[in-house]
Each structure stands twice: as C-alpha cells, then as structure tokens.
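The sequence lines fix the lettering, A, B, ..., with proteins before strands; numbering per chain opens at 1. As a basis for the values below, the full set of heavy atoms in this structure was taken, side chains included, without hydrogen atoms, waters or symmetry mates. Computed from a predicted model, the values in this text were never measured in an experiment.
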Amino acid sequence: MPKMNMVQAINLGLFQEMSKDDSVVVLGEDVGVDEGVFRVTAGLLEKYGEDRVIDTPLAESGIFGTSIGMALAGLKPVCEMQFSGFSYLITHQLEGHASRFRSRSQGDWTVPLVVRMPYGGGVRAMEHHSESREALYATIPGVKVVIPSTPRNARALIVAAVRDPDPVIFMEPKRSYRAFREEVPEEEEVMEIGKAQVVHEGDDITVISWGAMMRPTIQTVDKIGEKLGKKVELIDLLTVSPMDSITITESVKKTGRCVIVQEAPKNMGVASEIIARINDKVLMYLEAPVKRVTNYDVVTPYFGRETNYFPTPDRIYRAIEETLNF
Amino acid sequence: MPKKEIGKFSVSYMQILDETGKVDTKLEPKINNKDLLAMYRWMVLSREADQRMINMQRQGRIGTMGPSTGQEAAHVIPAYLMNEKDWFVGAFREAGARLVRGETIAQALLFYNGFEEGNKKPKEYRTLPVSIIVGAQTLHAVGIGYAVKYRGEKDTAVVTFMGDGATSEGDFHEALNFAGVWQAPVVFICQNNQWAISLPRHKQTKAETIAQKAIAYGIPGIQVDGNDPLAMYVASKEALDRARSGGGPTFIEAVTYRLMMHTTADDPKKYRTEEEVDEWKQKDPLPRFQKYLEGKGIWDAKKEEALVNEIKSEVDAAVKEFEDLKELPAEACFDHVFGTKHVDIEEQRMEFLDDQKRGTDNA
C-alpha cells in the first residue's frame with residue numbers, strides 16, 4: 001500500500017469518485033487552476049475539465065446555495081470552503097434549506113452534497129483560520145458532520161460523504177494535512193458515516209477524541225500505558241453528528257471512566273453532548289466524573305499564543321491520571 | 001491617460017395593455033384565443049382561491065398565508081409559458097403560478113395549515129416547494145441551471161421568483177453574478193410589489209429601477225408593467241426562449257402591487273394609505289385583461305358570470321377535499337431527517353409515540 005498524507009488521501013478519494021460517477025462535480029474558490037489552497041483538489045481540473053471542477057466567484061453562500069440547486073437537480077456537488085472560518089456565510093442556506101428539503105417535501109426533494117472545509121488551529125495562520133466550530137453545524141438536524149483524523153480514514157470517509165444521500169459537512173483538520181503519512185489502499189475503501197472507531201481496546205478508561213486532537217491524544221495514551229500500566233480504550237469519534245452513542249456507551253460501561261479531548265472551547269461543545277449521552281445511558285457504571293480537556297471559552301487567540309490554548313499532551317495526561325485515581 | 005466614458009447602459013420599460021385597456025398594437029403579441037382564455041381563467045382562479053384562503057385564515061380554519069391578489073399577471077403568465085421540462089423555483093407569493101404548475105388548492109390549504117404534505121409533489125413536476133427565506137431560492141435556481149447546462153438538456157429553462165425586498169439580500173446578488181458568469185439558463189422574475197412588509201420600495205434601494213441591477217452582472221434586464229398580462233407574456237417568452245436556446249439568464253422586474261396584506265398576520269393600514277391602494281386598484285390586472293378579451297370579442301358579462309360560478313364551485317370542492325382529509329400521522333417528522341435510518345432518531349420516535357400515548361394525564 002502506498003503511504004500518503006491526508007491531502008493526497010482526500011485527493012485520491014475525490015479522483016476515484018469523480019471517475020466512477022459523472023454527477024460528481026467539485027466547486028469553490030481556487031479549486032481548479034490553483035488546485036485548492038492546500039492542493040486537495042490537485043490534478044482534478046486537468047483530468048475532469050472545467051465543467052466538473054469549477055473555479056467559482058468569491059462568494060461562500062453562492063457556492064453553497066448553487067450546490068444545493070445542483071444537488072436538487074441530480075448532481076453530487078463537493079464544494080469547498082477555503083477555510084472553515086469563511087463558512088459562516090453558508091449557515092443560513094444550510095439551516096434554512098440544505099438540511100430541510102428532505103423533511104419539507106417529505107422525501108421528494110433531497111440535497112446530497114458535501115461541503116469540505118479545513119478547520120482548526122496549529123498552522124500559525126491569520127485570524128479566522130484556526131477555529132473548531134464543529135458544534136455549530138452539529139446542532140442542525142438533517143446535517144451530518146464528519147471529521148477524519150488520519151489519511152486512511154479521511155479517504156474512506158470522503159468517499160462515504162460523496163455517496164451519502166444527505167448534506168455532509170466534511171471538516172478537515174488542516175494541522176494534520178501534511179503532518180504524517182499512512183498507508184492508504186489504492187483500491188476502494190469506504191467507512192460508514194455515523195460510526196465511531198475503537199482505535200485501541202482497553203479496560204481501565206475510555207478516552208474519546210476526533211480530528212486533529214487524535215494525535216496528541218494517541219501520544220498521551222501510549223504514555224499512560226508505559227508509565228501507569230493502565231489500558232486505555234481510545235475512541236476516534238469520526239462522525240460528530242449523528243453521533244455514535246452505542247460505541248461510546250458500550251465502552252464506558254466496560255471502563256467506568258472517561259476523558260474527552262476536544263480542540264474547540266468547552267462551552268456547548270461536542271464533549272458536552274458526549275457527557276449527556278453517558279449520563280442518559282450508563283451513569284450508574286461510572287466510577288469517576290467524566291472529564292473534558294478542551295480549549296477555553298475565549299475568542300480563538302491569534303497564532304502567537306494559540307499553542308497555549310489547545311489541549312496539550314500534558315493536560316490530557318493529567319486529566320486521564322486524575323480520572324484513573326478518582 | 002484621459003478620463004473617458006467606457007460604458008453606457010440603459011434600461012427599457014415595456015407596457016402593451018395599459019390600465020384603461022388600450023393596446024399598443026405594434027407590440028401586441030399574437031396569442032390564440034384558447035391560450036388567452038386559459039391564462040385569464042388561471043388568474044381568476046388564483047384570485048378566488050386567495051380571497052377564500054384569507055377568509056379561512058380569519059375563521060381559524062388555516063394558519064398564516066401570504067396573499068398574491070393583484071399580482072396574478074406577474075406570475076401566472078410566465079408559469080403558463082413554462083413547459084414540463086422547465087424548472088419552477090418560487091418564493092412564496094406566486095400562488096397562481098403554482099396552480100398552473102399542477103399544485104392543487106387543497107394542497108395549498110394543507111401547506112397553509114401547517115403540514116409538509118402540502119409540499120408533496122413528484123419530482124417530475126420540477127416545481128420546488130415554497131421558499132420562505134427571502135432571496136435564498138435564487139441561488140438554488142442558478143445551481144439547477146448549471147446542472148441543466150452540464151447535462152446538456154435542451155430546451156429547458158429555470159424560472160425563479162423573488163420580491164423587491166429580496167433584491168437587497170446578498171444571495172440575490174450572488175445568484176445574478178453566478179448566473180451571469182455561468183450563463184445559466186435562468187429567468188429571474190422580480191415581483192416588485194412596492195412593499196416588503198412595511199418597507200416601501202424607495203427605502204429598499206436608491207436605484208431608480210430594480211431592472212438596472214442586472215446590468216452590473218452582465219445580464220439582460222427589463223422593467224415590465226407586471227399588471228399587464230400582454231407585456232408579461234412578451235417579456236417572459238423572450239426570456240424563456242433565450243434561456244432554452246443557450247442564451248443565458250434574463251432579469252425581469254415586474255412592476256406590480258400587493259393589494260392585500262403581506263401575510264394575514266399584519267395590517268397594511270399601519271404603513272400605507274388607502275388612497276395609494278385605491279390608485280393601484282385602478283391598475284388591477286384582472287379587469288384589464290377582461291377588457292382586452294371583451295375587445296377581442298371573446299368575452300362578455302355572461303361568460304364572466306359563468307366562469308366566476310364555476311370557479312367558486314371549484315374552490316368549494318377544494319376546501320371540502322382539504323377538510324375531509326384524514327388526520328395525518330403525528331410522527332411523520334421522524335421519517336425524513338436523513339435518507340437512512342439512525343438509531344437515535346428511531347429511539348426518539350419511540351419516546352415520542354410513548355409520550356403521545358400517555359397524553360396529558362398529569363398536567
């Protein structure tokens with residue numbers, strides 16, 4: 001299997017879906033000639049032409065609103081928001097229309113589309129280029145929010161997103177784009193949207209994360225094993241909404257302890273929802289309160305001080321240790 | 001470098017049948033009698049259904065509705081000119097056009113009574129449900145237009161409607177811009193009815209016409225007397241022909257007037273004078289069209305009376321059909337969140353059904 005980074009892996013997924021299905025079109029700002037500012041759409045224009053790889057005018061609502069129309073008319077648009085920080089202009093089309101056509105028409109009209117957006121910090125970028133606002137989109141019924149964490153699952157999930165019958169917000173952890181390589185099979189691989197993945201099995205504590213936070217979490221989990229001799233069950237959420245409660249609650253039932261690592265601020269985050277679900281289903285199995293390691297409830301700082309705000313391996317380690325010792 | 005004029009633009013206005021019933025014979029389109037009578041009938045039906053619905057809302061038999069009385073020519077005529085392959089992407093004040101496109105009055109009543117079933121329409125009709133968010137639908141129309149072009153579908157146009165208020169929304173401008181760049185086969189029809197709830201047209205934009213906004217996007221635009229069925233016929237046909245033959249988008253500003261309230265939830269007396277409304281009543285498209293048909297010798301008082309009676313019974317029957325509908329399943333909302341079943345939603349459906357069964361035993 002060839003080793004590739006996440007950019008190459010998503011690109012592979014798009015290439016293959018476009019070759020299989022001529023209703024798949026890619027559109028956005030600078031996705032064609034420039035191949036996307038992160039090069040995720042590299043080579044697509046050359047291979048599929050400008051009818052299918054569309055450099056659009058600079059207008060996010062326009063990109064997304066026309067994608068809704070394309071989807072209604074039978075195409076499968078994969079549109080790109082250059083950065084998730086520019087995506088808020090689509091929220092009214094997402095909340096007002098994309099998420100509702102199916103329900104509004106009782107299934108007559110559907111909007112199968114994908115919105116790709118690089119999200120999150122850690123790349124020393126300017127203001128609006130570093131936020132993690134997955135919770136914002138996850139509150140909208142009828143919308144799926146997917147966040148891959150590695151090249152391999154990014155490829156398998158972008159394929160699933162393109163084939164999904166509903167609008168999918170596909171948030172790409174830009175910090176992980178080129179941070180590491182992984183073997184990705186050339187042949188088709190699809191993961192199911194809505195399913196979390198148990199990355200390591202363990203009996204002592206459940207640790208849950210997603211996206212860019214998976215890497216510091218994995219490092220920490222390894223250390224916990226080495227230093228404390230404890231077996232961590234590590235879960236990669238992969239789909240934020242609709243959430244896979246079963247994988248989470250089954251694990252917590254087994255371990256009785258849980259720590260959640262989230263790049264976004266603490267208030268109203270995905271971690272809060274995970275805790276609510278644990279509370280609903282497996283409260284009586286808990287041996288300790290569920291802990292969250294998150295960003296703080298401050299406006300995302302400029303990159304000069306951003307690293308102090310993300311969950312770090314040290315903070316994650318302490319949270320796990322405290323929860324184990326409770 | 002000298003400073004010089006590098007562009008010069010103009011905006012045209014078209015009226016063929018004026019408010020007194022006088023026809024500009026040079027511009028008068030050749031329309032056969034069957035079509036003329038059919039268009040008139042749709043307009044009368046739309047008006048009658050509209051008035052009946054306002055009454056029903058007042059009686060508490062349906063919820064809030066937005067009347068289109070006075071604007072029938074502006075939306076019924078273009079809808080009449082559309083064919084089955086064309087797409088209809090409406091806003092919410094084109095009730096007559098929706099009837100032309102195959103929606104029933106009973107369905108409209110169901111919609112205004114708060115049930116999604118009122119939007120159910122097989123995809124083959126290419127008629128999207130009502131879009132309430134102002135202006136947002138114009139982008140959907142452009143995306144559909146792109147798909148039509150991409151698939152190489154011949155003789156197909158996308159018609160989208162919006163009001164004067166929508167022309168202040170960002171989406172409207174993005175839609176015109178994308179349509180221009182893509183040369184999408186879209187006909188934009190702005191029903192400029194002078195009022196966006198309480199905001200008059202002159203406070204909506206400083207621009208002299210709304211039609212001129214098309215110029216900025218490289219799209220042909222025209223201002224039409226939207227209460228003149230003949231002018232609407234000519235302008236819509238030209239725009240549809242252009243779209244269907246690969247000539248790209250067109251923008252039509254149909255100057256009309258909302259004779260009733262914005263919706264049954266507001267009182268226009270608060271923001272406009274009765275004199276103004278009376279003035280516009282003189283320009284009502286229905287009597288104007290009636291005069292034209294009489295002038296052609298194909299209409300008279302007797303025929304009018306027969307038509308009105310026939311339409312009243314048609315609306316009566318639709319109301320009966322609506323009121324005879326069986327109760328709709330309360331849990332229908334759980335069926336259409338996603339295209340695939342999800343365990344959380346199914347669990348909540350069970351909770352919901354359980355709650356429904358328990359009823360109000362404690363409260």
- Query: For Val130(B), is it the side chain, the backbone, both, or neither that has a heavy atom closer than 4.5 Å to a heavy atom of chain A?
  - Reply: backbone

Toward chain B, the part of [X] with a non-hydrogen atom under 4.5 Å:
| X | result |
| --- | --- |
| Asp22(A) | both |
| Phe101(A) | side chain |
| Glu50(A) | backbone |
| Gln93(A) | side chain |
| Leu72(A) | both |
| Ser103(A) | both |
| Val143(A) | backbone |

Of the listed residues ([options]), which shares the most heavy-atom pairs with chain A below a 4.5 Å separation?
| options | answer |
| --- | --- |
| Phe111(B), Phe338(B), Tyr146(B) | Phe338(B) |
| Cys333(B), Ala332(B), Ala147(B) | Ala147(B) |
| Arg126(B), Lys121(B), Lys123(B) | Lys123(B) |

Does [X], at its [atom1] atom, have more than 12 non-hydrogen atoms belonging to other residues, nucleotides or ligands within less than 6.0 Å?
| X | atom1 | answer |
| --- | --- | --- |
| Lys85(B) | NZ | yes |
| Lys47(A) | NZ | no |
| Glu46(A) | CD | no |
| Phe352(B) | CZ | yes |
| Phe334(B) | CZ | yes |

- What are the residues of residues 173-184 of chain B, in order of number, with any heavy atom under 4.5 angstrom from a heavy atom of chain A? Glu174(B), Asn177(B), Phe178(B), Val181(B), Trp182(B)

- Query: Should Asp335(B) and Arg102(A) be marked as a side chain to side chain contact (heavy atoms under 4.5 Å, CB included) after you check the CA-CA gap, both sets of side-chain angles, and the distance that decides it?
  - Reply: CA-CA 10 Å; Asp335(B) 295 339; Arg102(A) 179 184 291 283; over 6 Å; no

Rounded at 0.5 Å granularity, tell me how far [atom1] in [X] sits from [atom2] in [Y].
| X | Y | atom1 | atom2 | result |
| --- | --- | --- | --- | --- |
| Asp166(A) | His336(B) | CG | NE2 | 12.0 Å |
| Arg100(A) | Ile133(B) | CZ | CD1 | 7.0 Å |
| Leu128(B) | Asp108(A) | CG | CG | 11.0 Å |
| Glu192(A) | Thr340(B) | CD | OG1 | 8.5 Å |

- Message: If you count heavy-atom pairs within less than 4.5 Å of chain B, which of Asp244(A), Ile54(A), Leu89(A) leads?
- Response: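 Heavy-atom pair counts peak at Ile54(A).
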
- Determine the option with the most heavy-atom pairs under 4.5 angstrom with chain B, choosing from Ala59(A), Pro165(A), Pro57(A).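 Answer, by heavy-atom pair count under 4.5 Å with chain B: Pro57(A).
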
- Query: Can a salt bridge be assigned to the pair Arg151(B) and Asp51(A) using a cut-off of 4.0 Å between side-chain N and carboxylate O?
  - Reply: no

- Item | Cationic N near anionic O, under 4.0 Å, Glu347(B) to Lys281(A) |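 A salt bridge is present here (some side-chain N lies under 4.0 Å from a carboxylate O).
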
- Query: What orientation do His97(A) and His140(B) show, parallel under 30°, tilted 30 to 60°, or perpendicular over 60°?
  - Reply: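 Perpendicular.
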
- Query: With side chains defined as the heavy atoms from C-beta onward, is the minimum distance between Arg52(A) and Tyr150(B) less than 4.5 Å?
  - Reply: yes

- Any side-chain heavy atom of Pro242(A) sitting closer than 4.5 Å to one from Ile345(B)?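 Result no, sub-4.5 Å side-chain heavy-atom pair not found.
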
- Check whether the side chains of Ser61(A) and Asp171(B) place a donor and an acceptor atom closer than 3.5 Å, and report yes or no.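 A pair is found: one side chain offers a donor N or O, the other an acceptor, under 3.5 Å apart.
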
- Task: Evaluate side chain to side chain contact (heavy atoms under 4.5 Å, CB included) for Val343(B) paired with Ile246(A), printing each intermediate quantity in order.
- Result: CA-CA 9 Å; Val343(B) 59; Ile246(A) 294 169; 4.2 Å; yes

- Task: Using modelled atom types only, decide if a donor and an acceptor are shared between the side chain of Lys120(B) and the backbone of Gln106(A) within a distance under 3.5 Å.
- Result: yes

